[in-house]
2 protein chains.
Amino acid sequence: APAEPPTSSSSTTLANDHHTLGKRLNLFSVTPYSAGSPLLHADGSHLFLKLQDLLRAQHQAFGFREVISPTIYKQSLWEKSGHWQNYGDDMFEVVGRGARGTTEGKDISDNEKWGLKPMNCPGHCLLFATEARSYRDLPVRFADFSPLHRNEISGALSGLTRVRRFHQDDGHIFCRQDQVKDEIASTLKMVNLVYSAFELKPHKLLLSTRPEDNFIGTENEWAEAELQLQTALDESNLNWSPNPGDGAFYGPKIDIILRDNHGKEHQTATIQLDFQLPQRFELVYQDQTRSTQTPILIHRAVLGSIERFMALLIEHYHGKWPFWLNPHQVSILTLNQSDTVLAHANKIASTLSGRPASGITKLQSLRQSDFTINIDSTSETQGKKLVHARNQGYGILCSVGRKEVERGDVTVDFWCAGEGTRLERVEAVIERFLDGATKTQ
Amino acid sequence: APAEPPTSSSSTTLANDHHTLGKRLNLFSVTPYSAGSPLLHADGSHLFLKLQDLLRAQHQAFGFREVISPTIYKQSLWEKSGHWQNYGDDMFEVVGRGARGTTEGKDISDNEKWGLKPMNCPGHCLLFATEARSYRDLPVRFADFSPLHRNEISGALSGLTRVRRFHQDDGHIFCRQDQVKDEIASTLKMVNLVYSAFELKPHKLLLSTRPEDNFIGTENEWAEAELQLQTALDESNLNWSPNPGDGAFYGPKIDIILRDNHGKEHQTATIQLDFQLPQRFELVYQDQTRSTQTPILIHRAVLGSIERFMALLIEHYHGKWPFWLNPHQVSILTLNQSDTVLAHANKIASTLSGRPASGITKLQSLRQSDFTINIDSTSETQGKKLVHARNQGYGILCSVGRKEVERGDVTVDFWCAGEGTRLERVEAVIERFLDGATKTQ
Ligand SMILES: [Zn+2]
Ligand SMILES: [Zn+2]
């Protein structure tokens, strides 16, 4: 049997709201040409990429290294991992239409089919095995944002929540038995920090322990691992309860349940111990005595399915994005269409964006300000421009007219959600918004 | 016939060198479980992600918006685009192993197969069609880094250069006829800037024009488009020559040829005009007179296949990465193992990385310094530590001993490739390296 991944289906059902909001906010659409694989529009992709950035910043701090692993693997691999036998009906199968290989490697049949990956674990086991590992090298932690595919029947498909193609903020930790507690504690801390970016927090955690029978490993190994999980949970100061006997046969797990603004519960993060997959892949490390040991594998995802988490956030924020996530950050509204006012508006946009007003002449830095900025220089009234910009969800509105041009420096009157209008220097605006990953104002 | 994408095979062959170097530098490996889909190790992924960041920074400046599009599409889509008929043998076919849909949308057969995408263009056409577009909305520019699959026979596979799975820095521009020149000029500028990050520049460009017969569109349309391409090329000050009659039947193209350090030529970037695909997808925009017009599609990639470009860079730099690309940026070598020296080494690492020395207690920012830092506190001699660090390719080496602790502030002696040893404050080091995308020192 395969290592089950963090689930991508929710324990409660999301209201259909995210479809309507997703359409109104121009975030995504669905197509019959690829039912279950949402098309993320530019603004939807913006949200996706900001979430990915947020996770990447935490990955670095928590010692995860990102890897890029294949999308298709031969049937032999899925048989080794157990997915072909036990998870096969949920997988897509891949065959070459034209060219066929003649030699793909010993033991692997030439005309073997591939499976389109439903999860990253087997690929990460291959990556672990590319080097000899000693006890000092552990834990080894891999992160991966690959697209994953699972074959849901089309009747069940729904927006961003029930899909055939999705991405996880997937992570696998290969560690020694004595490292389990610290890794779990660290993962719980990361979950807590990441959720705090959305003013969310884990509502409750469930620890599923060893089933009565049909489990792999010894009772001692389970008892030892469960004790470490309990200790980490106790020390986390989070609200947890045991779920005795409900663990998978290959290891105990922790499910993390969120409660959103509307009181709805969502199962997002999962932490799953796995005594089996490292054995199936014959993964080893060398201990202090130079004998070989099998590492423990921890599967974990913080957001879970990023698409599903986006659906949750779409409903959570209802289009009122915190500044750092907002695909529409700043709109500059010109009070007239004179050349000097337009030039001043361009100057402000240039200062905020970090890009020259008059065309790109040098390589853009990876680190400069990258606010999303719009200039509305149409001939509409200021009132109409304001309404339009607010409808589009702009977080900061700057009015630019004769007064601002006369003042000569780059200073703007700006209106900021929750703060009203005030005068502030553009440099100060940049400071406030640039610093800190997730300040909402 | 389909729109051909920028080619992923080189006009000249790379030496096999990148295999050896890739292994020595621990960048990637291949597996018989997925021949042709390289496994990028953590350091290889680091390079990949830095290249992606570099392109993303330029995308923002040049008005490209990133989208996230499906991996599999029904046969109907590939028939519409023409790929199923004309490109089919190079594609992989996908079928669900278990659950089958009952309704996938009108006109699209229930049990239809999917094709695993070899290119992003059809998906971007679907995205263009999700909104009504006016002449004022054009150009619409999409960028996409999706994994792509093409079925090469296994005998032809080789490292990162001849693969079945790869990623492009893919872009599609939907524009009016009168915008072609500016878009081409802007694309050439971007190519030039991006290559300059590697101290490379386009060696020559080839303009392939209308074939004698069997072309779509009118002679006038071709003449108009070719004139704009020529003007953009002339104004670019790049070395170009015509390749008369060698364009595809659906549009003229520009091939860009690089010459590396070793004098080898590589075809990387391509700019391909396409009069056909927008017609096949019935894409339209509304012009000034409110009548509908068909946009012109420009396919373009700057790096081309990112994996193939990595192979080029691996040979180009031979492991001596510029600082911004280097997966091993800073190594701090302790002169002894006293607590105060170790604490000071941790303090320097913390200042450089922007992370607290004593555990992560708050959300990590998306924008803080993210140098890759190692502390070598083993009991080896300083000489051995230096040799080891240089072998691993570290760009900056800091020695930390009693002297540095006594000085009390965070100041380091550092050795920098090409500059020798000198004393510098850590803050100054950060300033020098943080600023600018691609400073090599
Ligand atoms: Zn897993
Ligand atoms: Zn294309």
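Just so we're on the same page: letters track the sequence lines, and every chain starts at 1.
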Report the option among [options] that has the most heavy-atom pairs separated by less than 4.5 Å from atoms of chain B.
| options | value |
| --- | --- |
| A:Ser146, A:Ala156, A:Ser69 | A:Ser69 |
| A:Arg65, A:His167, A:Met190 | A:Arg65 |
| A:His149, A:His46, A:Lys80 | A:His149 |

Less than 4.5 Å to any heavy atom of chain A: does that hold for the side chain of B:Phe142, its backbone, both, or neither?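 Contact with chain A is absent: no heavy atom of B:Phe142 under 4.5 Å.
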Side chain from CB out, backbone as N, CA, C, O: work out which of these in B:Glu131 comes under 4.5 Å of a heavy atom of chain A, or both, or neither. side chain
Let's test your reading of the structure: which of B:Val67, B:Thr372, B:Val194 forms the most heavy-atom pairs below 4.5 Å with chain A? B:Val67
Only pairs of heavy atoms separated by less than 4.5 Å count here; which of B:Gly123, B:Ser37, B:Ala143 has the most with chain A? B:Ser37
Side chain to side chain contact (heavy atoms under 4.5 Å, CB included) for B:Leu116 and A:Ile72? Distances and angles first, verdict last. CA-CA 10 Å; B:Leu116 191 55; A:Ile72 61 175; 4.0 Å; yes
With heavy-atom distances below 4.5 Å as the criterion, would you say the side chains of [X] and [Y] are in contact?
| X | Y | result |
| --- | --- | --- |
| B:Arg355 | A:Gln60 | yes |
| A:Pro70 | B:Leu39 | yes |
| A:Glu93 | B:Val94 | no |
| B:Arg56 | A:Leu49 | yes |

Report the C-alpha separation of B:Val95 and A:Phe92 in whole Å, then their side-chain angles, then the decisive distance to 0.1 Å, and conclude whether the side chain to side chain contact (heavy atoms under 4.5 Å, CB included) test is met. CA-CA 6 Å; B:Val95 293; A:Phe92 287 102; over 6 Å; no
Inter-residue atom distance [X].[atom1] - [Y].[atom2], 0.5 Å rounding:
| X | Y | atom1 | atom2 | value |
| --- | --- | --- | --- | --- |
| B:Leu363 | A:Ser196 | CG | OG | 5.0 Å |
| A:Ser29 | B:Leu127 | OG | CG | 6.5 Å |
| B:Ser81 | A:Tyr33 | OG | OH | 10.0 Å |

Looking at residues at least two apart in the chain, or sitting in another chain, which of them share a ring-ring contact (aromatic ring centres under 6.0 Å, His included) with A:Tyr195?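 Testing A:Tyr195 for ring-ring contact (aromatic ring centres under 6.0 Å, His included), a comparison that skips the adjacent residues, returns none.
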What part of [X] gets closer than 4.5 Å to chain B, counting heavy atoms only: side chain, backbone, both or neither?
| X | result |
| --- | --- |
| A:Asn192 | neither |
| A:Phe28 | neither |
| A:Thr71 | both |
| A:Pro122 | neither |
| A:Ser186 | neither |

Please step through side chain to side chain contact (heavy atoms under 4.5 Å, CB included) for the pair B:Ile68 and A:Arg165, ending with a clear verdict. CA-CA 11 Å; B:Ile68 296 174; A:Arg165 178 195 198 246; 3.8 Å; yes
Please report the C-alpha distance between B:Phe48 and A:Glu66 in whole Å, then the side-chain angles of each, then the deciding distance to 0.1 Å, and finally whether the side chain to side chain contact (heavy atoms under 4.5 Å, CB included) criterion is met. CA-CA 10 Å; B:Phe48 182 101; A:Glu66 191 165 334; over 6 Å; no
Check for a donor-acceptor pair, side chain of A:Lys189 on one end and backbone N or O of B:Ile360 on the other, with a separation under 3.5 Å. yes
Listed partners of A:Glu79 passing salt bridge (charged side-chain N to carboxylate O under 4.0 Å, His left out), at least two apart: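 Listed in chain order: nothing, the list is empty.
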Would you say A:Lys113 has more than 12 foreign heavy atoms packed within less than 6.0 Å of its NZ? no
